[in-house]
Amino acid sequence: MKVAKKIVLHFTQQTIDKPIVSGLIREFNLDFNILKASISPGEVGLMIMELTGEQEDYDRGIKYLQAAGLEIQSLSQDVLRNDDRCTHCGACITMCPTRAFTLEDGTRKVLFDNSKCIVCELCVRACPPRAMELKF
Ligand code: SF4
Ligand code: SF4
């Protein structure tokens, strides 16, 4: 059975420079499409990709990624903002790796662009009034 699944890969300093993704494609007969990536050499990073292939190959590929030291998260969740709770404190702006938050000129309000979010959950944990919420 063929499957197409979106996953989030969390890279660490130890795994970021290794050719792990190319090994996944070469050895497990999977196609991939990188949807978003936020990676800097020598730092931690995140990548969202869609993997397509036979279920058996997909399962083996996921085991390979885990054995290589990557943390993997299924992208069956989303991060939304509860605008009633947001105080526009700005704490989320600098921590978001994909710059999903911006400060609006004039009003100084913090705008949130969900299309840039890669569901890393950093803002969910850090938002003082818990305005950022994880939805499944
Ligand atoms: S950290 Fe929370 S309260 Fe502060 S601007 Fe961001 S979403 Fe709003
Ligand atoms: S979960 Fe929050 S910090 Fe992470 S990418 Fe999405 S908006 Fe940015």
Side-chain angles (χ1 to χ4, degrees):
M1 182 182 65
K2 203 150 191 164
V3 295
K5 297 189 183 183
K6 289 179 188 162
I7 56 171
V8 185
L9 304 180
H10 294 254
F11 291 84
T12 62
Q13 282 187 346
Q14 288 72 38
T15 56
I16 202 157
D17 292 330
K18 294 184 181 165
I20 296 170
V21 173
S22 57
L24 175 73
I25 309 312
R26 203 173 49 241
E27 294 180 33
F28 300 98
N29 199 30
L30 295 167
D31 290 326
F32 76 104
N33 181 20
I34 295 175
L35 304 173
K36 289 179 186 172
S38 170
I39 295 178
S40 310
E43 297 177 13
V44 294
L46 298 139
M47 182 186 287
I48 295 183
M49 64 161 62
E50 185 171 49
L51 283 176
T52 309
E54 294 298 325
Q55 178 77 57
E56 193 179 317
D57 292 331
Y58 175 84
D59 292 342
R60 289 193 308 125
I62 294 295
K63 281 187 186 153
Y64 158 81
L65 291 174
Q66 288 170 329
L70 297 191
E71 188 189 325
I72 302 162
Q73 176 188 356
S74 171
L75 195 59
S76 55
Q77 53 196 32
D78 199 4
V79 167
L80 302 175
R81 182 168 77 175
N82 181 338
D83 289 334
D84 291 338
R85 285 195 174 178
C86 177
T87 60
H88 300 277
C89 69
C92 51
I93 294 177
T94 49
M95 79 175 53
C96 176
T98 60
R99 303 187 183 197
F101 300 97
T102 51
L103 202 57
E104 188 176 51
D105 284 343
T107 67
R108 310 293 293 169
K109 283 190 172 176
V110 175
L111 307 178
F112 173 49
D113 182 354
N114 175 270
S115 69
K116 291 184 178 170
C117 176
I118 58 170
V119 199
C120 73
E121 301 180 36
L122 287 176
C123 63
V124 175
R125 281 176 250 151
C127 173
R130 300 193 178 275
M132 303 307 296
E133 299 172 349
L134 197 58
K135 298 285 180 193
F136 292 88

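Both counts, for ligands and for their atoms, begin at 1 and track the order of listing.
- The proximity of Cys123 to ligand 1, defined as any non-hydrogen pair under 4.0 Å, does not occur for either the backbone or the side chain.
- The closest donor-acceptor contact from the side chain of His10 to the backbone of Glu71 lies at 3.5 Å or more, if one exists at all.
- For ligand 1, the atoms closer than 4.0 angstrom to any heavy atom of Met132 are 7 (S).
- Among protein heavy atoms, atom 5 (S) of ligand 1 sits closest to Gly90 N, 3.3 Å.
- Residue-level proximity to ligand 1 for Arg85 is absent, since no heavy atom of it falls below 4.0 angstrom.
- For atom 4 (Fe) of ligand 2, the closest non-hydrogen atom on the protein side is Cys120 SG, 2.3 Å.
- Taking every heavy atom of Phe101 and a limit of under 4.0 angstrom, the matching atoms of ligand 2 come to 7 (S).
- Taking every heavy atom of Phe112 and a limit of under 4.0 angstrom, the matching atoms of ligand 2 come to 7 (S).
- Between Leu103, Thr87, Asp83, it is Thr87 that holds the heavy atom closest to atom 3 (S) of ligand 1.
- Taking 4.5 Å as the limit, every side-chain heavy atom of Ile72 sits out of range of all side-chain heavy atoms of Val8.
- Here Cys127 fails the criterion, with no N, O or S atom under 2.8 Å of atom 4 (Fe) of ligand 1.
- When each atom of ligand 1 is checked for a heavy atom of Pro129 under 4.0 Å away, the hits are 3 (S).
- Looking only at heavy atoms of the protein, atom 6 (Fe) of ligand 1 is closest to Cys92 SG, 2.3 Å.
- Residue-ligand proximity, Glu121 to ligand 2, at heavy-atom distances under 4.0 Å covers atoms 1 (S), 4 (Fe).
- Listed by number with element, the atoms of ligand 2 under 4.0 Å from a non-hydrogen atom of Thr98 are 5 (S).
- Residues Met49 and Lys6 have side chains not in contact (no heavy-atom distance under 4.5 Å, counting atoms from C-beta outward).
- Counting atoms of ligand 2 from 1 in the listed order, those under 4.0 Å from a heavy atom of Cys96 are 3 (S), 5 (S), 7 (S), 8 (Fe).
- Below 4.0 Å from some heavy atom of His88 lie the following atoms of ligand 1, by number and element: 5 (S), 8 (Fe).
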